[in-house]
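Below is one structure, written out as structure tokens; the observations come after it.
Any value given below was found using the heavy atoms of this structure, including those in side chains, with hydrogens, waters and symmetry copies removed. Along the sequence shown, the residues carry numbers beginning at 1.
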Amino acid sequence: METASIIAVAFALAVDAFSVAAASGLTLPETGWRRTLRLAWHFGLFQSLMTLGGYGSGEVLRALAESITPWVAFLLLLVVGGNMIVEGFRSQHSETPREIKDPTKGGTMVFLSLATSLDAFAVGVSLATVEFNLAFALGAIGAAAFGMTVLGMKLGERIKRWGAVERYAQFLGGMVLLGIGGRILWQHLVG
């Protein structure tokens, strides 16, 4: 596989990380570099490790990876996105402001990292059938996810500053995650 093809695959895999990071930047009161880098690190790490796991499993798990990973990604994003929407609704109808769950910490970050990297597992399974530089591919995939996550967080933070958007940030972030999950499932079902 050519270097340009590996880089194209890396950026294609990073699109979900970018979108989820933008939704996270939208929902957080303040992103800051610490949160941004923590999420970027985990998204990049999970993308690389899931690709490696898929590559290691090779042909044995090809059919399983292609059939089950879209459903798992959809369910994970449904849970996190649905929770964000419910929390957004509660905070709009509450007299006291509710604390926003930080998507760059704990279980939420792990769920998001898994959800955005399941397609990398399937790509790793496919890569097992071609010749390529594994170390370069894993580095490129991790670096693309890292960079796109940083861009997404900062874009979400900027969009939130547009006045009325901040009031509905949790709703919007949850809807983005549901949209990503729906797109993943749609692509799987329709082809």
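No side-chain heavy atom of Thr51 sits less than 4.5 Å from a side-chain heavy atom of Phe121. Counting heavy atoms from C-beta outward, Phe18 and Thr149 have side chains that stay 4.5 Å or more apart.
Residue pairs satisfying the salt bridge (Lys or Arg N to Asp or Glu O under 4.0 Å) criterion with at least one member in residues 1-28, sequence neighbours excluded, are listed as follows: Asp16-Arg183. Residue pairs that meet the salt bridge (Lys or Arg N to Asp or Glu O under 4.0 Å) test with at least one member in residues 72-83, sequence neighbours left out, do not exist here. A salt bridge (Lys or Arg N to Asp or Glu O under 4.0 Å) check over residues 135-146, counting only residues at least two apart or in different chains, returns nothing. Applying the salt bridge (Lys or Arg N to Asp or Glu O under 4.0 Å) test to residues at least two apart or on different chains, the pairs with a partner in residues 128-155 are Lys154-Glu157.
In this structure, the ring pair (Phe, Tyr, Trp, His ring centres under 6.0 Å) partners of Phe132, at least two apart in sequence or on a different chain, are Tyr55. Legend: residues meeting side-chain contact (heavy atoms from CB on, under 4.5 Å) with Val150, ordered by chain and number and at least two apart, are Trp33, Thr36, Leu37, Ala40, Phe146. For Leu49, the side-chain contact (heavy atoms from CB on, under 4.5 Å) partners at least two apart in sequence or on another chain are Leu45. Under the rule for a side-chain contact (heavy atoms from CB on, under 4.5 Å), the partners of Arg38 that lie at least two apart in sequence or sit in another chain are Arg34, Arg35, His42, Asp102, Thr104, Lys105, Met109.
Across every non-hydrogen atom of Ala145 and Ala17, the tightest pair is O-CB, 4.4 Å. Nearest heavy-atom pair across Ala14 and Met148 is CB-CG, 3.6 Å. Closest non-hydrogen pair, Thr27 versus Pro103, comes out as OG1-CG, 4.2 Å. Shown here for Ser57 and Val125, the closest heavy-atom pair between the two residues is OG-CG2, 3.6 Å.
Other residues sharing a hydrophobic cluster with Val15 under the 4.5 Å side-chain heavy-atom criterion for ILVMFWY residues do not exist; the residue is a singleton. The hydrophobic cluster containing Trp186 also includes Val190, under a criterion of side-chain heavy atoms closer than 4.5 Å among ILVMFWY residues, counted directly or through chains of members.
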Practice task
Could you walk me through whether Leu134 and Leu52 pass side chain to side chain contact (heavy atoms under 4.5 Å, CB included), step by step?
Solution key: CA-CA 8 Å; Leu134 180 62; Leu52 181 61; 4.0 Å; yes
Side chains of residues 136-144: which donor-acceptor pairs under 3.5 Å do they make with residues two or more places apart or in other chains?
none

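Between the CG atom of Leu112 and the CZ atom of Phe46 there is a distance of 10.5 Å, given to the nearest 0.5 Å. Atom CG of residue Leu114 and atom CG of residue Leu118 lie 6.0 Å apart, to the nearest 0.5 angstrom.
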